[in-house]
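Worth knowing before you read on, the calculation uses all heavy atoms, side chains too, and leaves out hydrogens, waters and symmetry mates. If you're wondering where the values come from, they're calculated on a predicted model, not measured in any experiment.
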Amino acid sequence: MFCTECGEKLTLMYAKGEGLVPFCKTCNQFRFAQFATAVSMVVTNRQKDKILLAKHKGHNDYILFAGYVKKGETAEKAVTREFKEETKLNTVKYRYLGSRYHEPRNVLMFGFLSMAEDGEAVPDLKEIDEITWFSPEEALNAVEKDSTAEAFLKLALADIKKL
């Protein structure tokens with residue numbers, strides 16, 4: 001890790017009440033980790049018996065709908081905005097599931113279970129090649145194993161079963 005201000009290599013140093021934290025000797029400052037934030041949505045129909053997944057441009061795997069939280073925007077606003085941008089559908093309601101750090105992209109993901117309005121999902125062809133409804137079991141088989149998508153999907157399905 002390197003200092004975001006001066007580029008110097010960081011060393012771990014004890015910070016009172018924080019434990020070991022990256023420290024820049026040149027700036028004489030602790031440098032806490034910085035990462036982007038994003039939302040990830042497990043999208044159901046109104047009956048909660050179908051899950052909507054997407055294939056992003058140039059990828060073969062099905063994934064959940066997701067997007068970055070813009071500066072000044074809440075995670076909840078990002079859920080409704082991103083889904084509308086990617087499908088032309090509105091979100092009827094949503095519920096927060098939990099969060100998970102997604103290391104491949106250095107992103108803290110906030111997972112939501114959301115319900116789409118009735119209607120045809122129209123993919124934003126700049127980002128998405130395909131949108132498909134799956135049964136819950138099919139959706140679990142369609143997403144990558146041991147992925148952030150699978151973790152949020154399992155949380156959502158457990159939440160649906162409780163209702």
Over all atoms of both residues, closest heavy-atom pair of [X] and [Y]:
| X | Y | value |
| --- | --- | --- |
| Ser135 | Lys50 | N-CD, 4.3 Å |
| Ala66 | Glu82 | O-OE1, 3.6 Å |
| Glu5 | Cys27 | CB-SG, 4.2 Å |
| Leu12 | Pro22 | CD2-N, 3.7 Å |
| Phe152 | Gly98 | CE2-O, 3.6 Å |

Next on the checklist: Walk me through whether Lys84 and Asn90 qualify under side-chain hydrogen bond (donor to acceptor under 3.5 Å, both in side chains).
Outcome noted: CA-CA 6 Å; Lys84 177 91 172 188; Asn90 290 309; 3.1 Å; yes

Next on the checklist: Regarding Tyr62 and Glu144, do their side chains bring together a donor and an acceptor under 3.5 Å, going by distance alone?
Outcome noted: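 Their side chains do not contain a donor-acceptor pair, so the 3.5 Å distance test is not met.
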
To the nearest 0.5 angstrom, please state how far the [atom1] atom of [X] sits from the [atom2] atom of [Y].
| X | Y | atom1 | atom2 | value |
| --- | --- | --- | --- | --- |
| Ser40 | Leu113 | OG | CG | 11.0 Å |
| Lys71 | Thr37 | NZ | OG1 | 12.5 Å |
| Lys93 | Glu117 | NZ | CD | 14.5 Å |
| Thr4 | Gln29 | OG1 | CD | 10.5 Å |
| Ser147 | His102 | OG | NE2 | 8.0 Å |

Item to check | Partners meeting salt bridge (charged side-chain N to carboxylate O under 4.0 Å, His left out) with Glu150 (sequence neighbours left out) | outcome: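 Glu150 satisfies salt bridge (charged side-chain N to carboxylate O under 4.0 Å, His left out) with Lys154 once adjacent residues are dropped.
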
For [X], look at atom [atom1] and say whether over 12 heavy atoms of other residues, nucleotides or ligands are found less than 6.0 Å away.
| X | atom1 | value |
| --- | --- | --- |
| Lys145 | NZ | yes |
| Glu103 | CD | no |
| Arg46 | CZ | yes |

Item to check | Phe2: partners by ring pair (Phe, Tyr, Trp, His ring centres under 6.0 Å), with sequence neighbours left out | outcome: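 Applying ring pair (Phe, Tyr, Trp, His ring centres under 6.0 Å) to Phe2 gives none.
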
Checklist entry - Is there a salt bridge (charged side-chain N to carboxylate O under 4.0 Å, His left out) between Asp129 and Lys55 once you walk through the steps? => result CA-CA 6 Å; Asp129 283 332; Lys55 278 189 183 180; over 6 Å; no

Checklist entry - Who passes side chain to side chain contact (heavy atoms under 4.5 Å, CB included) against Arg81, sequence neighbours left out? => result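 Testing Arg81 for side chain to side chain contact (heavy atoms under 4.5 Å, CB included), a comparison that skips the adjacent residues, returns Lys70, Glu73, Ala78, Glu85.
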
Next on the checklist: For Leu157, give me all partners under side chain to side chain contact (heavy atoms under 4.5 Å, CB included), at least two apart in sequence or on another chain.
Outcome noted: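 By the side chain to side chain contact (heavy atoms under 4.5 Å, CB included) rule, Leu157 matches Ile51, Pro136, Leu140, Leu153, Ile160.
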
Checklist entry - Same cluster or not: are Leu53 and Leu155 linked, directly or through other Ile, Leu, Val, Met, Phe, Trp or Tyr residues, by side-chain heavy atoms under 4.5 angstrom apart? => result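 Yes; tracing contacts between hydrophobic side chains, which count when under 4.5 Å, links both residues.
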
Next on the checklist: Considering only residues two or more places apart or on different chains, which pairs with a residue in residues 16-36 satisfy salt bridge (Lys or Arg N to Asp or Glu O under 4.0 Å)?
Outcome noted: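 Of all non-adjacent pairs touching residues 16-36, none passes salt bridge (Lys or Arg N to Asp or Glu O under 4.0 Å).
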
Checklist entry - Between Phe23 and Glu8, is a side chain to side chain contact (heavy atoms under 4.5 Å, CB included) present by the stated rule, with each step listed? => result CA-CA 10 Å; Phe23 184 80; Glu8 188 70 30; over 6 Å; no

Next on the checklist: Taking the side chain as everything from C-beta on, heavy atoms only, tell me whether His59 gets closer than 4.5 Å to Asp61.
Outcome noted: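 A side-chain contact under 4.5 Å is absent here.
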
Next on the checklist: If hydrophobic residues (ILVMFWY) are linked whenever their side-chain heavy atoms come closer than 4.5 Å, directly or via other members, who joins Phe110 in its cluster?
Outcome noted: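 Traced through the cluster, Phe110 reaches Phe35, Val39, Met41, Val43, Leu52, Phe65, Val69, Val79, Phe83, Leu89, Tyr94, Tyr96, Tyr101, Leu108, Phe112, Ile128, Ile131, Trp133.
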
Next on the checklist: Walk me through whether Met13 and Leu20 qualify under side chain to side chain contact (heavy atoms under 4.5 Å, CB included).
Outcome noted: CA-CA 5 Å; Met13 184 177 280; Leu20 292 175; 5.9 Å; no

Checklist entry - Should Leu97 and Asp159 be marked as a side chain to side chain contact (heavy atoms under 4.5 Å, CB included) after you check the CA-CA gap, both sets of side-chain angles, and the distance that decides it? => result CA-CA 8 Å; Leu97 293 171; Asp159 193 67; 4.2 Å; yes

